[in-house]
Amino acid sequence: MSSSSDNPLIRFAAFWWALGVFSLFAVILIALKIFGGGAPENDPLEEAAATKRYETASKIHAAQEANFAFKEVEAGKVVQVPPHAAFDAVGKNLLGDKVAKVEADTQIHPDGDIAKAKAAEQGPDMGPIDALTPPADTPVDPALIEAGKAGFMVCMACHGANGEGGPVGPPLAGSEWVTGPVSNLIRIQLRGLNGPMHIKGQLYTPVAPMAPLSYQTDDQIAAVLTFVRNSFGNKAAPVLPKQVEMLRSEVGKPMLTEADLIKP
Ligand code: HEC
């Protein structure tokens, strides 16, 4: 008895079956290729990354080619540059290709550590804090003025009983800083103030800086500042404890200078 594989009829049928299945797959694959929607849209980020990879690879190739060159040591005698010299050169080339410094904020990942460090250094945005200041003609609660007057005992020693200034502190009476943006005043209380300062058209150079008075509560700072803004002939809107609270993160930072403040 012969086996089925010896039977020419069965072998003939198997051949055509196989060819048929193969062709069917080929047709399906071609159909998928044509009707399958084509290649995916080009991703600009992937494209930029590919460009960068290509540039880097080209640089390395160029460096390798230049350094694997053959050198003519004497007329007619050509030697190959030793491989270690080439690797040295390629290594130096890569080292020289240092990570670029961040130049624009758009290069910083908004949730990254660099962004966080930058934000901490810059402190809160003064705009929204100053925007909370009520209109200039807002009536001031007399109780708040009284509380502020008590708090002013501390300031008196340097700024004078009537805010006229003294040997140590500049005047608060008529100072454009006192009636200016409240964020300045709050930050001076929380961080202190140092260095020359323009006050009432004069350059004032302090004999000693004003140390931070951040031990005061939000209410106390709001009260004493509201008091100085509405005493000695000054007239300005009250300071809100909420505004002080929003600037508490300033505590512990280096003393301010005039340049750190918003020009009144
Ligand atoms: C130990 C002395 C001293 C005390 C106490 C003191 N200050 Fe000052 N203050 C100064 C000095 C000095 C400057 C100027 C610092 C500079 O220009 O670098 C100044 C500046 C200021 C300024 C800005 C400049 C101006 O004259 O407008 C304000 C506002 C201010 N102080 C408010 C206060 C308030 C409010 C208190 C009390 C809660 C107070 N200071 C307590 C010494 C003091």
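All ligand and atom numbering here is 1-based and tracks the order in the structure.
- Look at Glu74 and Lys77 and you find no salt bridge, because none of the NZ, NE, NH1 or NH2 atoms lies under 4.0 Å from a carboxylate O.
- Proximity to Asn194 (heavy-atom distance under 4.0 Å) selects the following atoms of ligand 1: 18 (O).
- When only non-hydrogen protein atoms are considered, atom 28 (C) of ligand 1 lies nearest to Leu172 CD2, 3.6 Å.
- Between Gln189 and the choices Leu225, Val244, Val251, the side chain to side chain contact (heavy atoms under 4.5 Å, CB included) rule is met once, by Leu225.
- In this structure, the protein non-hydrogen atom closest to atom 37 (C) of ligand 1 is Cys155 SG, 1.9 Å.
- The closest side-chain donor-acceptor pair between Asn234 and Thr179, if any, does not fall under 3.5 angstrom.
- For a distance bound of 2.8 Å, the N, O or S atoms of His159 include one lying that close to atom 8 (Fe) of ligand 1.
- A salt bridge links Arg248 to Asp218: at least one charged side-chain nitrogen sits closer than 4.0 Å to a carboxylate oxygen.
- Residue Met153 is grouped with residue Ile145 when hydrophobic side chains (ILVMFWY) are merged at heavy-atom distances under 4.5 angstrom, including chains of intermediate members.
- Atom CE of Met197 is separated from atom CH2 of Trp177 by 4.5 Å, given to the nearest 0.5 angstrom.
- The side-chain heavy atoms of Gln243 and Val239, taken from C-beta on, include a pair separated by under 4.5 Å.
- Relative to atom 13 (C) of ligand 1, the option among Pro171, Gly192, Pro170 with the closest non-hydrogen atom is Pro170.
- Ranking protein heavy atoms by distance to atom 2 (C) of ligand 1, first place goes to Cys158 SG, 1.9 Å.
- Ring orientation note: the planes of Phe232 and Phe227 are nearly perpendicular, at an angle over 60° on the 30°/60° scale.
- Residue-ligand proximity: Ala157 is placed with every non-hydrogen atom at 4.0 Å or more from ligand 1.
- In this structure, atom 16 (C) of ligand 1 lies nearest to the protein heavy atom Gly195 O, 3.2 Å.
- What sits closest to atom 12 (C) of ligand 1 on the protein, heavy atoms only, is Ala208 O, 3.1 Å.
- The single protein non-hydrogen atom nearest to atom 5 (C) of ligand 1 is Val154 O, 3.3 Å, given as residue, atom name and distance.
- Scanning the protein for heavy atoms near atom 10 (C) of ligand 1, the closest one is Met210 CB, 3.3 Å.
- Under a 4.0 Å heavy-atom criterion, Gln189 is in contact with ligand 1.
- The option with the heavy atom closest to atom 24 (C) of ligand 1, from among Ile199, Leu225, Asn234, is Ile199.
- Salt bridge status for Lys253 with Glu250: present, with a side-chain N to carboxylate O gap under 4.0 Å.
- Nearest non-hydrogen protein atom to atom 27 (O) of ligand 1 is Ser175 OG, 2.6 Å.
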